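Only one structure is covered here, and it is reproduced in the block below.
We use all heavy atoms of the structure for the numbers below, so side chains are in, but hydrogens, waters and symmetry mates are not. One is the number of the first residue; the rest follow in order along the sequence. Bear in mind that the values here come from a model prediction, so they are computed numbers and not experimental data.
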Amino acid sequence: MITLRPMQDTLADYTALRSWFLEPELRQWVWCDEKDEPDVPLARVMEKYGQRIKQPKDVFPYFVLLNDKPIGFIQYYFADETNVGLDMWLGTPQVRGKGYGSEALRQMVQLIHQQHPAVRELFIDPDAENLRAIRCYRKAGFQDAGEITDEEGNRCLLLKIRFDQQNR
């Protein structure tokens, strides 16, 4: 059973997150600070994500759990008052391709919809070559909204979910 829980200020959560940053398949798509970091120091993970946990303001990190065991990460952040962005990954190859990511995204969409009624649009912007992630996001209900170039110069696909008045 897939559930979500806020990331906690514990060594176990920081260590799990760090291990995912080092996982070979994820390293091409996900990074703590820079793409293809050869090592991600635990202290850097604690510094960066500790702020988000202890003083949540604009970025809200969660863990994806399978039967109460952490298998992935999902966070949302406010681009502005009505637009929210998402980042997500599953931590190990053994849990990918089983529908867990799509289920986690559906749950996060509902959580955001319930906790932030002013939000009108959610977006996620995977690298355009990350086909596994794109399939997952589409399966969760995100729709293509064009291409963008991210801050690092990568070509990304922009996918969105819009909340209309009937869904409120």
E152 atom CD, over 12 foreign heavy atoms within 6.0 Å: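 Yes, the 6.0 Å shell around CD holds more than 12 heavy atoms from other groups.
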
Q143, CD atom: more than 12 neighbouring heavy atoms under 6.0 Å: no

Between [X] and [Y], is there a side-chain N and carboxylate O pair less than 4.0 Å apart?
X	Y	value
K160	D144	no
K139	E103	no
R18	D13	no

Checking [X] side chain against [Y] main chain: does a donor-acceptor pair fall under 3.5 Å?
X	Y	answer
R5	V64	no
S19	A16	yes
S102	C136	yes
D125	L157	no
Q28	N130	no

Let me check something: do [X] and [Y] share a hydrophobic cluster, defined by ILVMFWY side-chain heavy atoms less than 4.5 Å apart, either directly or through other members?
X	Y	result
W20	W29	yes
M1	I74	no
Y100	L105	yes

Side chain to side chain donor-acceptor pair (under 3.5 Å) assessment of Y14 paired with D9: CA-CA 8 Å; Y14 294 122; D9 185 30; 2.5 Å; yes

Worked check of side chain to side chain donor-acceptor pair (under 3.5 Å) between T92 and Q94: CA-CA 5 Å; T92 63; Q94 297 84 355; 3.1 Å; yes

Stacked cation flag R138 on F142, 6.0 angstrom / 45 deg: no

Heavy-atom pair of closest approach, residues I161 and A140: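 In terms of heavy atoms, the two residues are closest at CD1-O, 4.1 Å.
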
Parallel, tilted or perpendicular: rings of H113 and F163 (30°, 60°): tilted

Near-ring test Y49/F73, centroid separation under 6.0 angstrom: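 Distance test on ring centres: under 6.0 Å, yes.
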
